[in-house]
Amino acid sequence: MKKLSPLYQRIYDIAGQVPYGKVISYGQIARMAGCGPRVVGYAMAALKSGSHPGIPWQRVINSQGKVSVHGDGVGNAMQFELLKGEGVSFDVEGRVNDPACWWMGKP
DNA sequence: GCAGTGACTAGTA
DNA sequence: ATACTAGCCACTG
């Protein structure tokens, strides 16, 4: 197991602190981790299946309350399903407009 | 060491 | 409401 940068570890830790049925935006994590929002996205992208179990990366979405598309968009659908299965409210546009589902409130 | 890239955000038109 | 621009920080080649 490779040693990840403290920043990455912090990002993963924050993501792991997100309670069940709640979501958080990249900007919030970036602020808490003390880095730019791109780093958070990169850190999440570095999360490979099986490499870092226990990290609810699916609860990390963009400030628009939508699930960002990445790669082929396959993980995107899974993320949507997972969040829906956790009881997260999605509106007809497929985004979390309910502040109650946001961990620290919508930015 | 420099350049390119990336699951972003906020501001402006 | 959408479209474009600038800023942001870390990783890879």
Side-chain angles (χ1 to χ4, degrees):
Chain A
M1 171 89 176
K2 280 174 67 112
K3 249 175 67 126
L4 289 162
S5 299
L7 184 58
Y8 269 48
Q9 199 165 8
R10 190 151 32 247
I11 292 171
Y12 297 147
D13 184 52
I14 294 165
Q17 289 173 27
V18 180
Y20 180 93
K22 302 246 175 149
V23 295
I24 188 168
S25 61
Y26 291 92
Q28 281 287 3
I29 295 180
R31 244 178 104 72
M32 287 191 279
C35 62
R38 300 222 79 108
V39 182
V40 180
Y42 201 89
M44 291 294 125
L47 275 174
K48 294 181 200 58
S49 304
S51 298
H52 297 278
I55 305 297
W57 54 270
Q58 64 270 24
R59 291 175 193 151
V60 183
I61 57 182
N62 58 22
S63 63
Q64 298 180 2
K66 282 205 302 197
V67 182
S68 302
V69 194
H70 32 111
D72 308 322
V74 180
N76 172 318
M78 179 174 67
Q79 181 173 12
F80 187 83
E81 294 285 320
L82 283 166
L83 289 174
K84 227 166 78 168
E86 291 190 358
V88 179
S89 297
F90 284 95
D91 63 358
V92 293
E93 297 193 26
R95 60 179 173 188
V96 185
N97 208 350
D98 189 349
C101 294
W102 286 84
W103 187 27
M104 285 183 154
K106 203 160 121 252

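Side chains included, hydrogens not; waters and symmetry mates left out as well; all remaining heavy atoms used. Just so we're on the same page: letters track the sequence lines, and every chain starts at 1.
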### Message
Determine whether A:D13 and A:Q17 satisfy the following criterion, side chain to side chain donor-acceptor pair (under 3.5 Å), listing intermediate values before the conclusion.
### Response
CA-CA 6 Å; A:D13 184 52; A:Q17 289 173 27; 2.8 Å; yes
#### Entry: A:R95: partners by salt bridge (Lys or Arg N to Asp or Glu O under 4.0 Å), with sequence neighbours left out
A:D91, A:E93
### Task
Go along nucleotides 6-13 of chain C 5' to 3' and tag each nucleotide: B for a protein heavy atom under 4.0 Å from its base, S when only backbone or sugar atoms are that close, - otherwise.
-BBBSSS-
### Query
Base, sugar-phosphate, or nothing: which does A:V69 touch, judged by heavy atoms less than 4.0 Å apart?
sugar-phosphate
### Nearest-0.5 Å distance, CD1 of residue A:I24 to NZ of residue A:K106
14.5 Å
### Query
Listed in order of residue number, which residues of residues 90-97 of chain A have a non-hydrogen atom at under 4.0 Å from DNA chain C?
none
### Message
Applying ring-ring contact (aromatic ring centres under 6.0 Å, His included), can you list everything that pairs with A:Y42, at least two apart in sequence or on another chain?
### Response
none
#### Entry: With A:E81 via side chain to side chain donor-acceptor pair (under 3.5 Å) - residues at least two apart
none
### Task
Let me know the distance between CD1 of A:I11 and C1' of B:dG6, rounded to the nearest Å.
13 Å
### Task
Please name the pair of heavy atoms, one in A:P56 and one in A:G16, separated by the smallest distance, quoted to 0.1 Å.
CD-CA, 3.7 Å
### Query
Expressed in angstrom and rounded to an integer, what is the separation of A:H52 atom NE2 from B:dA7 atom P?
17 Å
### Query
Can you check the A:R31 CZ to B:dT9 P distance for me, whole Å?
14 Å
### Task
Have a look at A:Q64 and say if it touches a base, only the backbone sugar-phosphate, or nothing, with a 4.0 Å heavy-atom cut-off.
nothing
### Task
Hey, could you give me the CE/OH distance between A:M44 and A:Y8, rounded to the nearest 0.5 Å?
9.5 Å
#### Entry: All side chain to side chain donor-acceptor pair (under 3.5 Å) counterparts of A:N76, not counting sequence neighbours
none
